[in-house]
There are 2 protein chains.
Amino acid sequence: MASKIPVLEIFGPTIQGEGMVIGQKTMFVRTAGCDYSCRWCDSAFTWDGSAKDEIKQMTAEEIWERLLELGGDRFSHVTISGGNPALIKALDELILLLKDNGIRVALETQGSRWQDWFYHIDDLTISPKPPSSGMTTNFAVLDEIIEKLMKSGCIDHVSLKVVVFDDGDFEYAKMVHQRYPYISFYLQVGNDEVTECDNATLRTKLLDKLEWLIEKTVETKEMNDARVLPQLHALVWGNKRGV
Amino acid sequence: MASKIPVLEIFGPTIQGEGMVIGQKTMFVRTAGCDYSCRWCDSAFTWDGSAKDEIKQMTAEEIWERLLELGGDRFSHVTISGGNPALIKALDELILLLKDNGIRVALETQGSRWQDWFYHIDDLTISPKPPSSGMTTNFAVLDEIIEKLMKSGCIDHVSLKVVVFDDGDFEYAKMVHQRYPYISFYLQVGNDEVTECDNATLRTKLLDKLEWLIEKTVETKEMNDARVLPQLHALVWGNKRGV
Ligand code: SF4
Ligand code: SF4
């Protein structure tokens with residue numbers, strides 16, 4: 001029997017708002033469940049029980065059918081996000097099915113768990129969480145993940161991304177970048193206004209924070225190779241879900 | 001005697017606000033002179049005579065010294081922009097000098113002229129101009145440029161970018177993407193508010209246009225592989241020069 005994957009939402013086509021393929025036209029599959037509980041999580045509904053009635057246990061085939069229903073022939077890229085999709089072994093079936101259909105697959109995880117299907121992801125973002133999240137990075141696990149990816153030679157498909165809310169997070173980001181200097185490195189402006197409903201106010205706050213993060217990066221020689229990015233979807237659509 | 005390069009501004013470190021290395025920490029060298037005169041050019045001062053007293057004829061060595069003076073050890077990436085830097089043969093000296101010093105080099109041109117030093121650029125953006133610019137693309141020249149780059153095997157370092165202001169531009173973008181399907185393709189929101197001084201107004205207009213461009217891209221199956229991006233510098237700093 002085909003394995004089931006816990007899915008919270010499937011939507012698109014839209015664009016990827018952040019990270020290594022920012023701007024890419026894509027569909028989204030959001031899985032349920034996370035082993036973290038970051039203080040500022042912008043998708044807490046995936047793990048805090050508030051959306052538990054919306055979780056559907058779906059096979060890879062069912063997810064693919066739903067993607068086709070929504071996207072028709074208007075997509076060639078799918079992003080799997082969470083929660084932490086790396087908790088779900090059964091994603092290998094979905095990833096292979098997508099690749100068999102000529103779809104490029106992106107995925108984001110915080111780097112707390114390994115899955116063999118990481119090797120098949122076209123755009124893999126590993127996003128360890130900084131101190132402001134309240135979480136503690138297990139660097140033994142992260143080292144092992146990065147090492148496996150390095151050895152497999154698929155490092156061009158991998159990036160590290162650290163969300164930065166404050167000076168402490170920036171220091172953490174510097175340390176992560178220096179620990180894995182060969183991996184493309186992205187700094188992302190943190191959005192701690194996840195309940196702000198006024199889009200104009202949110203935009204101003206986010207762009208002010210982007211300016212602050214750019215200034216810090218510019219001053220810091222250890223960040224010469226870094227890329228600094230906002231979340232485009234938050235700038236365009238605010239805190240709305242499913243866009 | 002070392003050749004001279006007409007330079008209009010050198011500034012940074014800052015971040016690259018657009019295109020294939022959006023967000024990258026970089027220094028900028030802006031050359032003077034353009035063979036086009038786009039209706040909405042956001043750097044018309046490089047060719048319309050209004051800043052002609054600011055043009056300095058500099059050797060590669062002098063430019064490098066100025067970069068070091070401004071950036072110290074806080075950069076590893078330099079972006080050469082214009083005007084159209086592809087008019088300037090002598091840039092080869094600068095590009096080699098930068099590479100000798102371990103600097104990655106990005107450059108943007110509209111694709112109206114070939115230079116052999118294109119082969120040495122790490123991030124080469126070719127940005128043919130859509131109908132709203134008032135310019136006409138010489139596709140014979142563009143074909144030749146793309147073909148040379150394809151043959152040299154450095155196509156991973158190359159992207160096409162089309163700025164879109166209206167539906168006609170979008171059709172043009174589609175045609176360009178289909179003509180060169182193997183080159184990474186970026187759609188960029190046009191800024192026709194280059195005289196808007198109120199940043200809040202400018203931001204709202206630019207983000208509304210971004211939303212419009214995303215919607216068009218989402219609807220269009222020929223754009224499945226495209227990436228849609230704003231100009232981050234315009235969102236953060238408005239129409240200010242030298243940031
Ligand atoms: S790892 Fe991601 S999904 Fe999980 S709690 Fe943190 S921010 Fe939320
Ligand atoms: S090609 Fe670029 S610099 Fe030249 S006129 Fe057009 S927009 Fe301006």
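Letters A, B, ... are given to chains in the order of the sequence lines, protein chains preceding strands, and every chain is numbered from 1. No experiment lies behind these values; they were computed from the predicted model shown.
Contacts from residues 64-79 of chain A to chain B, taken as heavy-atom pairs separated by less than 4.5 Å, involve Asp73(A), Arg74(A), Phe75(A), Ser76(A) in sequence order. Against chain B, the residues from residues 216-227 of chain A that qualify, each with a non-hydrogen atom under 4.5 angstrom away, are Thr217(A), Val218(A), Glu219(A), Thr220(A), Lys221(A), Met223(A), Asn224(A), Asp225(A), Ala226(A), Arg227(A) in number order.
Only the side chain of Leu210(B) has a heavy atom closer than 4.5 Å to any heavy atom of chain A. The contact between Met20(A) and chain B is made entirely by backbone atoms, counting heavy-atom distances below 4.5 Å.
For residues 123-132 of chain B, the set of pairs meeting the salt bridge (Lys or Arg N to Asp or Glu O under 4.0 Å) definition, not counting sequence neighbours, comprises Arg104(B)-Asp123(B).
In this structure Tyr180(B) satisfies the ring pair (Phe, Tyr, Trp, His ring centres under 6.0 Å) test with no other residue, sequence neighbours excluded.
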_Between Arg203(B) and Leu207(A), does the side-chain contact (heavy atoms from CB on, under 4.5 Å) criterion hold? Intermediate values first, please._
CA-CA 10 Å; Arg203(B) 283 170 177 184; Leu207(A) 289 169; 3.4 Å; yes
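No more than 12 heavy atoms of other residues, nucleotides or ligands sit less than 6.0 Å from atom NZ of Lys56(B).
Side-chain contact between Trp237(A) and Ile214(B) is present, with heavy atoms from C-beta onward closer than 4.5 Å.
Here the closest non-hydrogen pair linking Leu229(A) and Leu232(B) is CD2-CD1, 4.0 Å.
Taking OH from Tyr186(A) and CD from Gln24(B), the interatomic distance works out to 8.5 Å, rounded to the nearest 0.5 Å. To the nearest 0.5 angstrom, Ile15(B) atom CD1 is 10.5 Å from Glu211(A) atom CD.
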